[in-house]
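Okay, so here's the structure we're looking at.
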Amino acid sequence: MRILVVEDEERIADFVNRGLTSAGYEVEVAPDGQAALNKLHEADYELVILDLMLPDMDGLSVLEKIRIRKVSPPVLILSARGGVEDRVKGLELGADDYLVKPFAFVELLARVRALIRRGQPSMEKLSCGDLTLDCVRRRANRAGKPIDLAPKEFSILEYLMRNQGKALSRTMIVEHVWDMEYDGLTNIVDVYIRHLRSKVDDPYPVKLIHTVRGIGYMVDPATKMADEPVKLDDGE
Ligand code: CA
């Protein structure tokens, strides 16, 4: 899932890039309109996130150029220009959605998912071993049995499953799931992981949620993990 972020403000570009990357997307950033058009010419993207006030041209003219291409990805406008006129103009020119700055990352992520889902319905199902997540309906299921998860539990599990096989730190999990910096409160992750394990792993012989000592947590279906004491749950 490749996303092109067209944004000249480095701070925002970094923030969006970091967030979407940890949500499992592949992100490229173009700092101006011409760079965006070059990238669109060279590669296919599943989504374009487009700022309107770019140093070299108006984002709307980038949008027009995207729309005349044969393969035209969905476009989400992300702009400080929040007036009705701007929004209408953007949507008339073929933008698929419009989000006004400042914005909460969770909202951007929800819209990104919705737009990508339109084109790729199957991407929203994640699985790991016999555990499956339906990210659209927010339902979890293991070995054919539904698992009842609280919203934050679901979000943590989804984040871990999108990054299967990769260890994620408590800080990364907090920043991703709570959408804020939560220094000193990373213990909350341990509490949630405990809840998750009691629902997702405890009733089953194969454990999917692993503690990675010194780092954090990881979801991985490989059963050999259980034989490696270093990575086993240390029972906190
Ligand atoms: Ca700008």
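One-based numbering, in listed order, for ligands and for the atoms of each.
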Exercise. Is Arg142 positioned over the aromatic face of Tyr204, cation under 6.0 angstrom from the ring centre and no more than 45 degrees off axis?
Worked result: yes

Exercise. Any idea how Phe15 and Phe105 line up, ring-wise: parallel (<30°), tilted (30 to 60°), or perpendicular (>60°)?
Worked result: perpendicular

Exercise. When Glu158 is tested against each of Lys125, Arg113, Arg139 for salt bridge (charged side-chain N to carboxylate O under 4.0 Å, His left out), which residue passes?
Worked result: Arg113

For this session: Would you mind reporting whether Tyr25 and Val112 have side-chain heavy atoms less than 4.5 Å apart?
Result: yes

For this session: Evaluate the side-chain hydrogen bond (donor to acceptor under 3.5 Å, both in side chains) criterion for residues Asn38 and Gln34: first the C-alpha distance (whole Å), next the side-chain angles of each, then the deciding distance (0.1 Å), finally the verdict.
Result: CA-CA 6 Å; Asn38 292 345; Gln34 194 51 53; 3.2 Å; yes

Exercise. Using a side-chain heavy atom cutoff under 4.5 Å and only I, L, V, M, F, W and Y, what cluster partners does Val84 have?
Worked result: Val88

For this session: Mind listing the protein N/O/S atoms less than 3.0 Å away from the Ca ion (ligand 1)? Waters don't count.
Result: Asp8 OD1, Asp51 OD2, Met53 O

